[in-house]
Every structure is written in structure tokens, then in C-alpha cells.
Amino acid sequence: MDFMTALDIGASGLKAQRAQLNVIAMNMANIRTTKTLEGGPYQRKSVSFESSPVYSPFDTAMDNQLNRDLKGVKVLGVTADERPFKQIYEPHHPDANDQGYVFYPDINVVEEMTNMMTATRGYEANVQTISACKQMFQRALRIGL
């Protein structure tokens, strides 16, 4: 594996964790949203990831056996969670139904904060990987001088 491939793998992890953090922030911001443009409460969202091969054009041409199993990560998409909405009795709320219940998204703050901490740690790990790769590259250049 060369330095550029290592940087590409780290960059793909950074991109994926950034997408995860954006979706978590969106969930937290809409925790009390009872009406969206689509009509109805906000639906919690989650990010789907998939491993993706990291081949440079040279590796593809040479069919390098050592780099064949290298994988990065890519975001497949953002999906809406199918959890049922929470019903809270608030008869004076403008979005209350005939029985006085308001439907809120089923977003658990503790779960979202845990997901945020996990995504932050993953982001930090990818930053450390990229930093280590840059340091190795700089030290290799010093050896050649």
C-alpha cells in the first residue's frame, strides 16, 4: 500500500463520519418537530455505509495482489427510521388531533448522543491515520536527503 492509498482510505472514513454527524445533528435539531413540509412529524434518519474498494489506476492495471483487499467506506444513503411516533397528550397544541394527542418523532437523546460520540471518535481516528501517514511521508523524504 502506498501513501496515497492510505490517505484515500482515511479520507473516505472522514467523509462517512461527517455525513453521520450531520444526520445526528439534524435528528437532534428536529426532536420536537411536529409538522414538516411533507406533512406529519419529522422522521428520525440514519446513515447507511458500505465498504468500497480503493484501487488506484495503477493497481487496477497491474492487478496488485497486495492491494486487492484494501477497502474504504462510502455512504450508501440516508434512510428514514420506521419507528412509530410518540403520542403525547397536549390538547392545546396547534398540531393536536381530535383526541388531543400530538405526534412527536421517536428520537432518544441518549441514543443520539452515543451515536455522536461514536462518530466523533471514528472521525478522530481517521484524522490520526492521515496525520501518521503524513509524518511517515515526511520522514521518508528526510531519509532521501
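For the single chain, residues carry numbers from 1 onward in sequence order.
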*Between T79 and S48, does a side-chain contact (heavy atoms from CB on, under 4.5 Å) hold up when you go through it step by step?*
CA-CA 7 Å; T79 57; S48 300; 4.1 Å; yes

How long is the straight-line distance from [atom2] of [Y] back to [atom1] of [X], given to the nearest 0.5 Å?
X	Y	atom1	atom2	answer
D8	C133	CG	SG	9.5 Å
Q128	I130	CD	CD1	10.5 Å
E112	N27	CD	CG	4.5 Å
E90	D95	CD	CG	10.0 Å

Should we count [atom1] of [X] as having more than 12 external heavy atoms under 6.0 Å?
X	atom1	result
K45	NZ	yes
K86	NZ	yes
Y101	OH	no

Any link between [X] and [Y] through a network of hydrophobic side chains (Ile, Leu, Val, Met, Phe, Trp, Tyr) touching at under 4.5 Å?
X	Y	value
I31	V110	no
V47	M113	yes
Y42	I88	no
L21	M28	yes

How about [X] and [Y]: do any of their side-chain heavy atoms sit closer than 4.5 Å?
X	Y	result
F49	V75	yes
Q87	V102	no
I107	D81	no

*May I ask you to decide if T33's main-chain N or O and N30's side chain share a donor-acceptor pair within less than 3.5 Å?*
no

_Tell me whether S12 contacts the main-chain N or O of V73 through its side chain, where contact means a donor paired with an acceptor under 3.5 Å._
yes

*Tell me, please, which residues at least two apart from E38 pass side-chain contact (heavy atoms from CB on, under 4.5 Å).*
T36

*Using the side-chain contact (heavy atoms from CB on, under 4.5 Å) rule, take T120 and M116 through it: C-alpha gap first, then chi angles, then the decisive distance, then the call.*
CA-CA 6 Å; T120 302; M116 185 179 292; 4.2 Å; yes

*With K15, which residues qualify under salt bridge (Lys or Arg N to Asp or Glu O under 4.0 Å), at least two apart?*
none

*Please determine if R44 and E111 form a salt bridge, counting it only when a charged side-chain N lies under 4.0 Å from a carboxylate O.*
yes

*Only one of R18, Q20, M26 passes side chain to side chain contact (heavy atoms under 4.5 Å, CB included) with N22; say which it is.*
R18

_Stacked cation flag R32 on Y104, 6.0 angstrom / 45 deg_ = yes

*Where is the tightest heavy-atom contact between G122 and Q17, given as atom of each residue plus distance?*
C-CG, 3.9 Å

*Could you check Y123 against L14 for side-chain contact (heavy atoms from CB on, under 4.5 Å), going step by step and ending with a plain yes or no?*
CA-CA 6 Å; Y123 192 91; L14 287 175; 3.5 Å; yes

